[in-house]
Amino acid sequence: MARANIIGVGMVPFKKPGQQEPYEVMAAKAVQHALADAQIDYRDIEQAYASYVYGDSTCGQTALYRIGLTGIPIINVNNNCSSGATALFLARQAVESGAADCVLAFGFEEMKPGALGSVWNDRTSPFQSFLSQLDALAPDTPEAPLAPRLFGAAGKSYVETYGASPDIFAHVAVKTRAHAAHNPYAIFRDPLTVEEVLASPLLFPHLNRLCACPPSCGAAAAVVCSDAFVRKHGGSGAVQIVAQAMTTDTGAMSENPMNLVGYDMARRAAHKAYEQAGFGPESVQVVELHDCFTPNEVISYEALGLCPEGGAEALIRERNNTYGGKYVVNPSGGLMSKGHPLGATGLAQCAELVWQLRAQAGERQVADAIIALQHNLGLGGACVVTIYQKP
């Protein structure tokens, strides 16, 4: 099979709801940035995958038609919060299979303020079974909006299972905000203290508001191409996708609240990706993982093999999740600080890691970054783990 490479990335600064441009404007700008970064023309794109959650059908066409009308296949992708990485997964498959030499993956979202809610209240919710299983696993779970309730229950389960101190979730939020200080694309860039995090309103036991990502608006894009395309067009900044795996839920989701929010999906996706790559987490220097809530970052450390089961507290206390430690996790500021426009998130993670591996990340650059790991998760559910290698 052909090898897939990222030759161009782009994004726009993420914004709070109400401060954004229309989705098609944001998306077109992100795509144009990616094309300019790749030093190619839109006419070189043979297929496109557009990821978003909140929008009518064919929004991807509406965005790309602003750039050109070339008649290419444009496929719209909705896989909840993992939509961006799912679009990348499909683009990579198209290149590796030989179906196309140059493919675009892009994502965008316009969101509303407040907790996530369903748009389609006249039919079965895809989360109905998740909440039913949570009621069975933890019948005394307090009422809360869907996402804080599920991820809060997972954090509570982690604390009770491993005897961890609940303040580790606040420490993660502080670390993440410190990273975001150097990211011009991030919404929240001011530093935090553990005391400030713990003093913020409580959404769920052990889950404060400053441990939750904000609803956001934005767009990001990546150009994926074959080795043959790289040779033909130059592309000295090509970053190789050395492994990628996607998983969905199994019966294990009903075993505990952590699996209910994707721990088992992430563990299996990471295992498959490491197997494909031929190396394990010890070879990774920089990670962008799905920290929609800080408890999810904590359990994902273990799911991705960055530390043993029950070892996340030690990883955090020893600062092995930040600069100077074993890994730098979410140098972008992650979803917590950068924002989480659902369809754009996975491609924004990709952009950050490409910049890191090219040594183009400025003040947030991870020293000697050679191997990067991406984790993008969506309840409902789907998880994509991608491993990149320096050119």
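Below, each value reflects all heavy atoms present in this structure, side chains not excepted, and no hydrogens, waters or symmetry copies.
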Spatial distance of atom OG (S83) from atom OH (Y54) [nearest 0.5 Å]: 10.0 Å
Donor on one side chain, acceptor on other, T322 and H179, under 3.5 Å: yes
Check: Q47 side chain, P73 main-chain N or O, donor-acceptor pair, under 3.5 Å: no
Of all pairs that satisfy salt bridge (charged side-chain N to carboxylate O under 4.0 Å, His left out), the ones with a partner from residues 44-64, not counting sequence neighbours: none
Whether S82 side chain and C383 backbone form a donor-acceptor pair below 3.5 Å: no
T386 and F89: CA distance, side-chain angles, deciding distance, side chain to side chain contact (heavy atoms under 4.5 Å, CB included) verdict: CA-CA 9 Å; T386 309; F89 182 88; over 6 Å; no
Salt bridge (Lys or Arg N to Asp or Glu O under 4.0 Å) evaluation trace for D368 with K390: CA-CA 10 Å; D368 304 317; K390 183 178 181 177; over 6 Å; no
Parallel, tilted or perpendicular: ring planes of H340 versus H290, cut at 30 and 60 degrees: perpendicular
Nearest atoms (heavy-atom pairs only) where V194 meets A170: CG1-CB, 4.0 Å
Cluster link L210 to V174, ILVMFWY, side chain under 4.5 Å: yes
Heavy-atom donor-acceptor pair, N5 side chain to C225 backbone, under 3.5 Å: yes
Within 6.0 angstrom of H182 NE2, more than 12 heavy atoms from elsewhere: yes
Co-membership, hydrophobic cluster, residues L353 and Y185, 4.5 Å side-chain: yes
Criterion side chain to side chain contact (heavy atoms under 4.5 Å, CB included) on T141 and F204, from CA distance to verdict: CA-CA 9 Å; T141 299; F204 195 90; 3.4 Å; yes
Spacing of N256 atom CG and Y263 atom OH [to the nearest 0.5 Å]: 9.0 Å
Donor-acceptor pair, side chain of R364 and main chain of A180, under 3.5 angstrom: no
Worked verdict on Q356 versus V328 for side chain to side chain contact (heavy atoms under 4.5 Å, CB included): CA-CA 11 Å; Q356 289 287 345; V328 179; over 6 Å; no
Min side-chain heavy-atom separation Q244-V384 under 4.5 Å: yes
Heavy-atom pair with the smallest gap, counting every atom of I371 and Q285: N-OE1, 2.7 Å
E195 (side chain) donor-acceptor with T193 (main chain) under 3.5 angstrom: no
CD (Q39) with more than 12 external heavy atoms under 6.0 Å: no
Rounded distance (nearest 0.5 Å) linking atom CZ of R317 with atom CD1 of I168: 7.0 Å
Shortest non-hydrogen separation from S332 to A186 and the atoms involved: O-CB, 4.3 Å
side-chain contact (heavy atoms from CB on, under 4.5 Å) partner of V329, the single match among H375, E297, E288: E297
Under 3.5 Å: donor-acceptor pair, side chain of N330, backbone of L289: yes
Return all side-chain donor-acceptor pairs below 3.5 angstrom for residues 11-20, not counting sequence neighbours, or 'none' if the list is empty.
from : atom 1 : to   : atom 2 : distance (Å)
Q20  : OE1    : G18  : N      : 2.7
Q20  : NE2    : E110 : OE1    : 2.8

Gap between atom CD1 of I299 and atom OG1 of T161 - 0.5 Å precision: 10.5 Å
Pairing residues for D135 by the side-chain hydrogen bond (donor to acceptor under 3.5 Å, both in side chains) criterion, not counting sequence neighbours: R149
Donor-acceptor contact below 3.5 Å, side chain S132 vs main chain Q128: yes
Donor-acceptor under 3.5 Å (R3 side chain, V95 main chain): no
Linked, directly or transitively: L315 and V284 (ILVMFWY side chains, under 4.5 Å): yes
Same cluster (ILVMFWY, side-chain, under 4.5 Å), I45 and I7: yes
Any donor-acceptor N/O pair, D37 side chain to V9 backbone, under 3.5 Å: yes
Where L347 and S51 come nearest, the two heavy atoms and their spacing: CD1-OG, 3.9 Å
Where G237 and R358 come nearest, the two heavy atoms and their spacing: O-NE, 2.9 Å
Heavy atoms from other residues, nucleotides or ligands near CZ of R43 exceed 12 (cutoff 6.0 Å): no
Spacing of CG belonging to D41 relative to NE2 belonging to H233, to within rounding of 0.5 Å: 10.0 Å
Electrostatic pair K338:E352 at N-O distance under 4.0 angstrom: no
S300 side chain to A303 backbone, donor-acceptor under 3.5 Å: no
NZ/NE/NH1/NH2 to OD/OE distance under 4.0 Å, K175 and D291: no
Verify same cluster id: L69, I40 (apolar side-chain graph, 4.5 Å): yes
Gap separating the CE atom of M246 from the CG atom of N376, nearest 0.5 angstrom: 8.5 Å
Q240-D227 side chain donor-acceptor pair, cut-off 3.5 Å: no
Nearest non-hydrogen partners of F169 and C211, listed with the distance: O-SG, 3.7 Å
Side chain to side chain contact (heavy atoms under 4.5 Å, CB included) assessment of Y388 paired with I241: CA-CA 5 Å; Y388 305 89; I241 299 176; 4.0 Å; yes
Close side-chain approach of Y65 to T58, heavy-atom, < 4.5 Å: no
